[in-house]
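Okay, structure first, notes after.
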Amino acid sequence: MQSEPEVTVRLRFAPSPTGYPHLGNIRTALFNWLFARHHNGKFILRIEDTDVTRRVEGAVETILDSLRWLGLNWDEGPYFQSQRLPIYREIVHKLLDEGQVYLCYCSPQRLEKMRQEQIKRKQPPKYDRRCRDLTQRERTQLEAMGVTPVIRFKTPLAGETTFLDLIHGLVTFKNDTLDDFILLKSDGYPTYHLANVIDDHLMAISHVLRADEWLSSTPRHVLLYQALNWQAPQFAHLPMILGPDRAKLSKRHGATTITEYQKQGYLADAMVNFLALLGWSLDDHTELLSREDLIKHFSLERVGKTAAIFNKDKLEWMNGVYLRALSLGEFVQQAMPFLDRDLPETVKRPLDNDYVSQVLSLIQERAKTLADVPQLASFFFDDVQYDAGLLLSKKRDAKSAAKAMTIASQKLEEITTWDATTIEDVLRPLATKLNLSTGELFGLLRIAITGRTAAPPLFQTMAILGKGKCLERINKALQLLSGLC
RNA sequence: GCCCCUAUCGUCUAGAGGCCUAGGACAUCAGCCUUUCAAGCUGAAGAUCAGGGGUUCGAAUCCCCUUGGGGGCACCA
């Protein structure tokens, strides 16, 4: 027996509710989830709401909705850091007693000015440690002036900090390039650095999978773990997802909130599959992987190091693949809300499930997203509207078009069994008789019936639409044609 | 300015010294199928593996430098 139960694997997704989650955030969540599930571990959700000023209304709900939509179920949480303030304070005060941190009374204004000057002198902007060695007297004085201090970490002045990143390997930072970062803000809230270290330890997180942007703050965290005499978790910094302009994804360039993709008609499974392939791959040819496949095969060794620009075309393609793989029943179920939402108000609700099902059997392989469905299927529900000129072509003047349609109409009228085969049996020979190519005749009818030049197969369309509607529309086309004669 | 990460087709990627005259996918183009569209199938084009030095019998793969890209340097996460 060499397989031990890996009960110690505990991963967390720790978003901050300062905005709505985008592709990059969720990709991080997905990798954490996949890693946890692969190792039969736990996936924990923690909300890092320690910035009161940047809190965004509804962000937490959107985060939860996003995870639920994609099926990234969590085992614990959500924990809220704002509810754990006493824990952070207690620990940071212990550090204060030990002299590993110190009170800093510098005003934000002074710090800002200091930074400006450093930048002007082409120096790296770093806190100048003015308060690091204050005497008790000086402290009392400042305190008396009513200055609320922050607590800073006493970063070692020399030496270096090295840690093993599971994706990047060993990474080393010289300690003198780090400054004395703030642990506790003057409003009593911890900074990210403090809270994430404490919580990851207290929540027994075994692996921290987060975006690459955190790599440079990891030495601070490592130093903190050392100061607290705690064992640091394993780190793995994931490649970032960049916008089309190659810059970090942000609201600025329309970093779409993940739930927006749901509204745009993407399937959760397709999204998960697609996201998994942004920075991870199974081999040199597998593109389509089910959730189970992903869990089974996911590993950090196969996570890449280079940032990726997300390719919407490929997402669309993949969504189409997933859409087509659905059973008709599932497709109907998924598409129904979109029909409800986007079909013109004049279309009677509720939509008839049977009819919708027939219609969608023709739409399914033509839709790339569920949001395409109403538009692709609209003529099945609503009257057709088109430019009469469409009925004409180089080889087809108004007169011959009218003639063709009149005869077609008569022939169709005679049909008693209204199904696709019968309709085809009637119309196909008619083309020859009228000395038209099948394309010509069917194209003409297609416009009359659907109002467009590109539509699902004509005979099936007509069969579903029903005899009455078809004849009615041919009639309408005839009227339009008479106006052109 | 300093620090860190990184570098294979337009994009996502395979490649862990010889299997690579670099493979797959999306997108693009062409053909087939066909009543249009879509789907499907076939094929094409597309990467001097950023550049330059090494190491080696042999490098996309290892090392160094340069360059490019990204990230970080807040009482934001």
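First the proteins, then the strands, lettered A, B, ... as listed; each starts at 1.
Using C1' as the reference atom, B/C29 and B/G72 are 43 Å apart when rounded to the nearest Å. On the P atoms, B/G71 is 38 Å away from B/A30, given to the nearest whole Å. Separation of the C1' atoms belonging to B/A47 and B/A14 is 13 Å when rounded to the nearest angstrom. Here, B/C65 and B/G23 have their P atoms 32 Å apart, quoted to the whole Å. B/G53 and B/C19: their P atoms are spaced 22 Å apart (whole Å). Taking atom C1' on both nucleotides, B/U48 is separated from B/G43 by 25 Å, rounded to a whole Å. Nucleotides B/A60 and B/C20 are separated by 13 Å at their P atoms, to the nearest Å. The P atoms of B/A25 and B/C64 are separated by 36 Å, rounded to the nearest whole Å.
Among the atoms of the strands shown, only primed sugar atoms or phosphate atoms (P, OP1, OP2) are found under 4.0 Å from some heavy atom of A/V171. A/P219 comes within 4.0 angstrom of nothing in the nucleic acid, heavy atoms only. Among the protein residues, A/I309 comes within range of the sugar-phosphate backbone only, with heavy atoms under 4.0 Å from sugar or phosphate atoms but none that close to a base. Among the protein residues, A/P15 comes within range of no part of the nucleic acid, since none of its heavy atoms lies under 4.0 Å from any strand. Here A/S437 lies out of heavy-atom contact (under 4.0 Å) with every strand. Note on A/T50: only backbone sugar-phosphate atoms sit closer than 4.0 angstrom, heavy atoms only; bases stay farther off. Using a 4.0 Å heavy-atom cutoff across all strands shown, A/G279 reaches sugar-phosphate atoms only and no base atom. Among the heavy atoms of the strands lying under 4.0 Å from A/A308 are primed sugar atoms or P, OP1, OP2 only; no base atom is included. Here A/C104 lies out of heavy-atom contact (under 4.0 Å) with every strand. Heavy atoms of A/P149 sit nowhere under 4.0 angstrom from any nucleic acid atom. A/R324 comes within 4.0 angstrom of the backbone, heavy atoms only, and of no base. Residue A/R121 is out of contact with every strand shown, counting any heavy-atom pair closer than 4.0 Å. In this structure, A/K122 reaches the sugar-phosphate backbone alone: every heavy-atom distance under 4.0 Å involves primed, P, OP1 or OP2 atoms, never a base. Residue contacts for A/S281: at a heavy-atom cut-off of 4.0 Å it reaches the sugar-phosphate backbone alone, with no base atom in range.
For the residue pair A/D293 / A/S290, a side-chain donor-acceptor distance below 3.5 Å is found, with atom types taken as modelled. A/Y79 and A/D199 share no side-chain donor-acceptor pair at under 3.5 Å. With 3.5 Å as the limit, one finds a donor-acceptor pair spanning the side chains of A/S82 and A/D49. In summary, the side chains of A/N25 and A/T28 do not present any donor paired with an acceptor at a separation below 3.5 Å, with no hydrogens or angles considered.
For B/A25, the paired nucleotide is B/U11, the pair qualifying as Watson-Crick or G-U wobble because both relevant distances are below 3.5 Å. The partner of B/A16, taking Watson-Crick or G-U wobble pairs whose two distances both stay under 3.5 Å, does not exist in any strand shown. Of the nucleotides present, B/G31 is the one that pairs with B/C41 by Watson-Crick or G-U wobble criteria, both distances under 3.5 Å. With both pairing distances under 3.5 Å, B/G1 is matched to B/C73 as a Watson-Crick or G-U wobble pair. In this structure, B/A59 makes no Watson-Crick or G-U wobble pair, since no nucleotide meets both defining distances under 3.5 angstrom.
Taking 4.0 Å as the cutoff to heavy atoms of chain A, we find the contact window on RNA chain B bounded by B/G1 to B/A77.
Remark: A/R130 fails to qualify as a cation-pi partner of A/Y127 under the 6.0 Å distance and 45° angle criteria applied to the six-membered ring.
Sorted pairs that involve residues 102-123 of chain A and meet ring-ring contact (aromatic ring centres under 6.0 Å, His included), not counting sequence neighbours, are lacking altogether.
Under the side-chain hydrogen bond (donor to acceptor under 3.5 Å, both in side chains) criterion, A/D128 pairs with A/R110, not counting sequence neighbours.
Both A/F459 and A/F173 lie near RNA chain B, and the one whose nearest nucleotide falls closer to the 5' end is A/F173. For the pair A/L170 and A/S217, both in contact range of RNA chain B, the more 5′-proximal nearest nucleotide belongs to A/L170.
Annotation: A/Y189 is not in aromatic contact with A/Y88 [ring centroid separation under 6.0 Å not met].
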Kindly determine whether A/I423 and A/L412 satisfy side chain to side chain contact (heavy atoms under 4.5 Å, CB included), including the steps that lead there. CA-CA 7 Å; A/I423 297 168; A/L412 290 167; 4.0 Å; yes
